[in-house]
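Inspection log for the structure reproduced underneath, given as structure tokens.
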There are 2 protein chains.
Amino acid sequence: MSSTAGLGNEVPYRRRRRGALSRASVVDTGRRLAEREGMDAVTIRRVAAELGVTPMALYRHMSDKQELVVAMLDDVARELPPLPAGEDPRECLALAFVGLRDHLALSPWAVEALRSGDLFGRAALPYVEGVLELLERAGLDERRGMEAYWALWWFTFGHLTSLPATLPENRRGRMALLLSSGTEGLPRVRRMGELPLRPGDGGRMFRAGLDALLGGLLPG
Amino acid sequence: MSSTAGLGNEVPYRRRRRGALSRASVVDTGRRLAEREGMDAVTIRRVAAELGVTPMALYRHMSDKQELVVAMLDDVARELPPLPAGEDPRECLALAFVGLRDHLALSPWAVEALRSGDLFGRAALPYVEGVLELLERAGLDERRGMEAYWALWWFTFGHLTSLPATLPENRRGRMALLLSSGTEGLPRVRRMGELPLRPGDGGRMFRAGLDALLGGLLPG
DNA sequence: ACCTGAACACCGTTCAAGT
DNA sequence: ACCTGAACACCGTTCAAGT
């Protein structure tokens with residue numbers, strides 16, 4: 001029984017041969033850990049344990065932890081659905097951001113990583129380029145296109161970041177806590193806390209806000 | 001010379017008398033630390049050192065670190081500018097969110113804390129109530145009001161969270177890094193990275209996006 | 001070339017003890 | 001009642017050493 005016993009990892013860790021450790025295997029192990037237990041579990045030490053290797057062995061393949069996280073995020077960016085192609089740039093933009101939202105909503109750990117300051121790397125740039133092209137086709141000049149791009153990303157990222165708090169399970173506890181010490185003078189807040197949310201409401205609210213935003217950003 | 005020497009703290013730390021440590025002084029010290037050095041510096045151990053006290057002494061006044069951070073955020077919420085009073089609910093809403101943005105933009109550490117998952121406590125609720133009231137006056141029913149509230153907060157929070165990345169100093173290094181390994185096929189991304197940003201552009205872009213969003217959310 | 005061992009400078013938090 | 005001391009179970013990362 002080594003120190004990594006009981007982790008339930010799929011990777012054999014008994015005895016790694018020389019050269020068996022690669023950058024890809026490290027990034028992959030980080031992703032599996034993140035999917036199973038969230039970004040808090042993604043530590044150099046745990047990834048190393050999962051691979052049956054010393055923490056320091058990872059530094060052969062990346063210069064620090066941030067590089068690992070960015071590599072993990074880049075993998076997610078590469079798996080983004082293709083940008084929608086269509087005649088109406090406005091509808092394409094809506095679909096592009098819905099696709100982006102849905103994709104990231106399925107990887108809460110990626111949102112967690114972005115949230116704590118890590119950023120997408122190069123792999124996300126083609127998607128950005130495509131969005132900027134759609135904004136151009138919609139009639140925005142360079143400066144307005146950039147401003148619209150940021151507005152759309154702010155909205156999308158803010159939404160994704162707030163998702164955990166709107167999940168029913170987290171919502172009950174949190175709202176109960178907030179409202180426990182009295183709600184005199186806060187009738188609307190109280191009613192908002194009591195409004196039922198169904199699965200999928202997050203996505204629907206995102207789409208509604210997105211349409212509102214696009215309506216105000218695009219000409220016509 | 002105690003172990004806290006050289007930190008440049010204003011609080012005398014030579015010999016604390018019994019009862020000199022209070023919840024307020026702990027929260028205050030946390031805020032000063034956060035303002036000077038960011039949230040990374042706000043550790044139980046450093047706050048304690050700053051107060052000339054053992055880390056464990058803080059646990060007399062709060063049950064864990066999160067309680068300290070929430071208390072710090074609540075202080076910020078209490079210092080929010082009053083909600084604008086006026087005839088036009090739409091303009092009041094715009095001013096309310098600009099006020100919220102400007103207030104939080106002045107406390108980057110608070111955004112950092114929200115970003116890493118900590119949440120506002122009760123002190124923020126009166127502000128939320130005021131916004132919901134304005135949305136009601138603007139003609140939205142309960143459900144639409146809630147949806148609009150979330151859309152506005154997502155946009156605002158996403159903006160605040162992205163602010164550090166748009167600061168000129170961070171922007172240069174990051175864009176240079178992203179674009180260093182070639183920008184073939186990414187002309188728009190490249191030009192966006194080169195577009196100059198002036199101080200205050202963040203605020204102006206926020207206002208523009210906010211108006212677009214409000215235009216789409218409110219009736220009329 | 002690739003990996004290990006030991007160490008450094010940190011964390012939040014527990015438990016038992018001092019005054 | 002209020003605070004301390006020592007310890008536990010962690011971090012990321014460095015440097016020197018092994019094979």
Side-chain angles (χ1 to χ4, degrees), chain A residues 1-7 11-27 29-30 33-34 37-72 109 112-113 116-118, chain B residues 2-7 11-27 29-30 33-34 36-72 109 112-113 116-118:
Chain A
M1 287 298 158
S2 83
S3 64
T4 59
L7 286 173
V11 172
Y13 50 81
R14 304 138 189 290
R15 275 251 180 275
R16 291 228 143 233
R17 307 190 171 282
R18 308 174 123 264
L21 197 64
S22 68
R23 186 183 161 96
S25 69
V26 172
V27 175
T29 305
L33 222 32
E37 307 181 38
M39 282 305 284
D40 282 353
V42 182
T43 67
I44 296 283
R45 293 171 117 103
R46 281 214 55 191
V47 172
E50 203 84 348
L51 285 161
V53 118
T54 274
M56 281 319 297
L58 304 197
Y59 287 89
R60 287 276 136 197
H61 301 94
M62 44 204 44
S63 61
D64 55 17
K65 190 192 171 184
Q66 183 176 298
E67 200 176 311
L68 166 59
V69 179
V70 171
M72 289 166 58
W109 65 265
E112 229 183 310
S116 45
D118 295 293
Chain B
S2 82
S3 65
T4 60
L7 287 174
V11 173
Y13 50 81
R14 303 140 190 286
R15 273 249 180 278
R16 290 228 143 232
R17 307 189 173 282
R18 305 174 126 265
L21 196 63
S22 69
R23 187 182 160 95
S25 69
V26 172
V27 176
T29 305
L33 223 31
R36 284 207 306 265
E37 306 181 40
M39 283 303 285
D40 282 353
V42 181
T43 66
I44 296 284
R45 292 171 118 102
R46 280 212 56 191
V47 172
E50 202 85 346
L51 285 160
V53 118
T54 275
M56 280 318 297
L58 304 196
Y59 286 88
R60 287 278 136 196
H61 301 94
M62 43 202 47
S63 60
D64 55 17
K65 189 192 171 183
Q66 184 177 297
E67 200 175 310
L68 166 59
V69 179
V70 172
M72 288 166 59
W109 65 266
E112 228 182 310
S116 45
D118 295 294

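Protein chains get the first letters and strands the later ones, always in sequence-line order, with residue 1 at the start of each.
To the nearest 0.5 Å, atom CE of residue A:M39 and atom CG of residue A:D118 are 6.0 Å apart. The distance from the CZ atom of A:R45 to the CE atom of A:M56 is 10.5 Å, given to the nearest 0.5 Å.
Taking atom CZ on A:R45 and atom P on C:dT4, their separation rounds to 14 Å, with Å as the unit. In this structure, A:L51 atom CG and C:dC2 atom P are separated by 16 Å, rounded to whole Å. Rounded to whole Å, atom P of C:dT14 lies 15 Å from atom NZ of B:K65. Computed from coordinates, the B:R60 CZ to D:dT4 C1' distance equals 11 Å when rounded to whole Å. One interatomic measurement links the two molecules: CZ of A:R23 to P of C:dC2, which rounds to 15 Å at whole-angstrom precision. In this entry the distance linking CE of A:M39 with P of D:dC11 reads 13 Å, nearest Å. If you take CD of B:E67 and P of C:dG12, they are 15 Å apart, rounded to a whole angstrom. Atom NE2 of B:H61 is separated from atom P of D:dC3 by 6 Å (rounded to the nearest Å).
For A:I44, taking side-chain heavy atoms from C-beta onward, the closest of the listed nucleotides D:dC3, D:dG12, C:dC11 is D:dG12. Which of C:dT13, D:dT13, C:dG12 sits closest to the side chain of A:M56 comes down to D:dT13. The side chain of A:A57 lies closest to C:dC3 when the candidates are C:dC3, D:dC3, D:dT14.
For the P atom pair drawn from C:dA9 and D:dA9, the interatomic distance equals 23 Å after rounding to whole Å.
Side chains of A:L33 and A:T43 form no contact here, defined as non-hydrogen atoms less than 4.5 Å apart. The shortest distance between side-chain heavy atoms of B:V47 and B:E50 does not fall below 4.5 Å. Taking 4.5 Å as the limit, some side-chain heavy atom of B:Y59 sits within range of a side-chain heavy atom of B:I44.
For B:T54, no side-chain nitrogen or oxygen approaches OP1 or OP2 of D:dC3 to under 4.0 Å. A close approach under 4.0 Å does occur between a side-chain nitrogen or oxygen of A:Y59 and OP1 or OP2 of D:dT13.
Using Watson-Crick or G-U wobble geometry with both donor-acceptor distances under 3.5 Å, D:dT19 finds its partner in C:dA1. Base-pair partner of C:dT13: D:dA7 (Watson-Crick or G-U wobble, both distances under 3.5 Å).
Of the two residues contacting DNA chain D, namely A:S63 and A:A41, the nearest-nucleotide position lying further toward the 5' end is that of A:A41.
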